[in-house]
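Each remark here refers to the structure printed beneath this line.
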Amino acid sequence: MTLLYAVVCLMMWPYPQLVADAGGGFDHVVQITLVTAIFTAAAALSTWLVQKRHPALWLGQGVLLVALIGVIVFAVTQR
């Protein structure tokens with residue numbers, strides 16, 4: 001999803017007026033892209049910690065839980 005939003009941002013970048021005319025906002029799409037990229041990076045790092053059975057395994061599990069809750073909260077607030 002993060003890559004999809006990144007591609008959409010790149011496609012929309014030259015035409016912000018068309019986005020505004022369609023009833024959307026380019027800044028909103030960029031915000032969604034940045035938030036999903038941050039959650040994806042946090043989830044990737046924590047998944048790596050869990051898979052490698054790193055001594056900081058508990059930290060990875062906690063970050064994964066926080067990232068999941070954060071994505072759910074963000075998705076609900078975007079309605």
Side-chain angles (χ1 to χ4, degrees):
M1 186 164 94
T2 302
L3 289 175
L4 176 64
Y5 269 104
V7 169
V8 169
C9 280
L10 289 175
M11 289 173 31
M12 291 169 48
W13 193 343
Y15 310 106
Q17 186 57 40
L18 291 175
V19 177
D21 292 344
F26 182 66
D27 56 339
H28 185 68
V29 176
V30 171
Q31 175 192 15
I32 292 172
T33 303
L34 291 175
V35 169
T36 56
I38 290 167
F39 285 132
T40 301
L45 179 61
S46 60
T47 301
W48 180 80
L49 289 173
V50 170
Q51 289 293 326
K52 295 293 183 180
R53 301 235 182 251
H54 194 272
L57 173 72
W58 60 273
L59 181 63
Q61 291 171 337
V63 170
L64 196 56
L65 179 64
V66 169
L68 179 62
I69 292 170
V71 166
I72 291 170
V73 168
F74 182 72
V76 169
T77 59
Q78 292 302 308
R79 288 184 171 187

As an exercise, state the distance from CD of Gln61 to OG1 of Thr47, rounded to the nearest 0.5 Å. 10.5 Å
Atom pair CG (Leu45) and CG (Leu64), whose distance is rounded to the nearest 0.5 Å: 10.5 Å
Membership question, hydrophobic clusters at under 4.5 Å side-chain separation (ILVMFWY): are Phe39 and Val30 in the same one? yes
Determine whether Val35 and Leu10 fall in the same hydrophobic cluster, where Ile, Leu, Val, Met, Phe, Trp and Tyr are linked whenever their side-chain heavy atoms lie under 4.5 Å apart. yes
For a quick test of reading the model, state the closest non-hydrogen atom pair linking Ala43 to Ser46 and the distance between them. O-OG, 3.1 Å
Taking only residues two or more places apart in sequence, or in another chain, which ones meet Leu65 in a side-chain contact (heavy atoms from CB on, under 4.5 Å)? Ile69
Heavy-atom closest pair, residues Val63 and Ala42: CG1-O, 3.8 Å
